[in-house]
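Everything on this sheet refers to the single structure shown next.
Counting starts at 1 for both ligands and their atoms, in listed order. Hydrogens, waters and symmetry mates are skipped; everything else that's a heavy atom, side chains included, is used.
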Amino acid sequence: MGKNLSRKIKNCWLEPDICKREEVFDFCSEYIDFLSECKTERECVEYMQELALENGFIPLDTFVKEGRKPSRGDKILVNHRDKALIMFVIGEESIEKGINLVGSHLDTPRMDLKPSPLYEDQGIALFKTHYYGGIKKYQWTAIPLALHGVVIKRNGEKLEIVIGEDPGDTVFTITDLLPHLAKEQMEKKASEVIPGEGLNLIVGTIPREYDSDGKNIKGSKDMVLELLKNRYGLEEEDFISAELTAVPAGRAADVGLDSSLVGGYGQDDRVCAFVSFKAIMDIKDPQKTCAAVFADKEEVGSMGNTGMQSTFFENAVAELIDLTTGDCGYLKLRRALSNSKALSADVAAAVDPNYSDTHDKENAPRLGSGVCIEKYTGHRGKSGGSDANAEYMAMVRQVFNQADIVWQSGELGKVDLGGGGTIAQFLANYGMDVLDCGVPVLNMHSPFELASKADIYMAYRAYVAFYRDMK
Ligand code: MN
Ligand code: MN
């Protein structure tokens with residue numbers, strides 16, 4: 001490893017004492033189940049909340065209602081509108097001295113149904129979509145898609161829908177043009193090959209009834225409406241109060257003859273979310289109060305009331321301070337946030353052998369070389385990124401080295417080629433120290449992302465060490 005490189009880089013698989021293969025594979029088989037079952041932020045929150053409650057976490061509301069004072073070792077859960085989650089483990093030191101925080105996001109690129117999605121064209125019933133997040137649109141055609149989400153009916157009843165995941169389930173798809181007729185399409189730029197308004201899902205082709213004189217034809221849209229009514233009790237207007245989304249159907253899987261990789265949809269950022277969830281579940285009686293925040297809306301700029309730009313996290317910290325000290329003074333809250341230390345747990349872009357020119361090889365994250373720390377993200381002159389202090393880099397590096405974590409340092413890619421951001425900048429707004437730290441992936445934002453099992457496991461160990469040892 002590291003041939004032709006000026007810097008030294010490790011490979012987890014060559015560190016058998018640190019990266020025990022059986023442990024790594026067992027850990028990742030649970031991760032593959034999570035990734036296969038949880039494809040929306042709501043499904044992730046439900047999964048995590050259920051396990052957390054089984055493992056001694058108590059909703060913050062319960063503490064507030066009972067006026068109960070949290071003490072060291074207490075585990076506290078905040079479910080924010082079923083789309084974002086915070087888990088706290090109360091430490092020995094006062095919260096004002098700061099929290100050790102690991103923040104990830106649960107939302108992933110996908111095809112959201114429009115508020116009025118259903119129409120018929122050429123005898124075929126389709127759902128219109130508006131894509132969510134940064135995608136290469138051509139990757140989402142001609143693959144099986146499943147429909148996930150919720151609908152709130154006229155009477156207020158909430159219906160949860162998952163169609164297309166069980167073996168034998170029907171699926172949906174977006175069509176693409178056959179190569180035989182694609183001369184004009186193939187000459188277009190890749191960004192224009194599939195227009196946004198062309199991302200329509202096929203939902204039905206059987207007409208409801210033919211009228212012999214050609215009047216009053218009830219077509220496939222009517223048939224779909226009838227099926228929705230009969231199967232789910234839905235009427236057309238119910239789509240207005242729904243969050244339905246099409247995502248790649250089917251399970252995540254091992255990849256490679258050596259099964260060293262995990263392949264699946266939504267690993268940005270469910271890999272860091274799962275791993276930080278596992279880490280905080282393992283924390284007992286910490287010195288510092290520990291928190292894991294699982295945010296929504298990162299892929300669209302962290303806007304909205306469930307995104308990291310909303311105040312849901314600081315509100316929860318204010319509640320905790322109020323419960324512990326009987327007074328949530330403004331200053332105490334500001335101190336708690338400003339004294340905190342955070343890892344922005346988000347994926348890094350690993351160097352791809354098919355496109356290795358996009359990375360500066362001396363600063364490229366590599367599959368299998370451990371959890372990746374990125375001093376900054378952003379684009380073109382570090383714009384829009386949070387740039388961690390050298391002092392904080394040194395502290396994280398020391399914690400990881402002392403805990404025998406295999407870690408690597410990386411940049412998103414070559415300067416001026418593009419860029420991106422994470423929730424780091426919004427945590428940094430509180431004045432806290434924050435560093436991007438996560439799992440390198442290939443195929444980012446595609447329907448089938450790849451991550452190394454060794455890096456996944458190492459990220460878990462890194463977050464545990466951070467919670468336990470960061471002063
Ligand atoms: Mn991400
Ligand atoms: Mn992303």
For this session: Take Tyr460 and Phe277 through the test side-chain contact (heavy atoms from CB on, under 4.5 Å) and record every step on the way to the result.
Result: CA-CA 9 Å; Tyr460 158 71; Phe277 170 72; over 6 Å; no

For this session: Return the orientation label for the His80 and Phe312 ring planes: parallel under 30°, perpendicular over 60°, tilted otherwise.
Result: parallel

Exercise. Name of the Asp268 N, O or S atom nearest the Mn ion (ligand 2)?
Worked result: OD2

For this session: Output the atom name for the N/O/S atom of Glu299 with the smallest distance to the Mn ion (ligand 2).
Result: OE2

Exercise. Is a salt bridge present between Arg251 and Glu165, judged by a nitrogen-to-oxygen distance below 4.0 Å?
Worked result: no

Problem set entry | Rounded distance (nearest 0.5 Å) linking atom NZ of Lys414 with atom NZ of Lys361 | 10.0 Å

Problem set entry | N, O or S from Cys272 under 2.8 Å to the Mn ion (ligand 1) | no

Exercise. What heavy-atom pair brings Glu298 and Ile423 nearest, and what distance separates the two atoms?
Worked result: CG-CG2, 3.7 Å

Exercise. Quick check: does His445 put an N/O/S atom under 2.8 Å from the Mn ion (ligand 2)?
Worked result: yes

Exercise. Any N/O/S atom, backbone or side chain, of Asp346 lying under 2.8 Å from the Mn ion (ligand 1)?
Worked result: yes

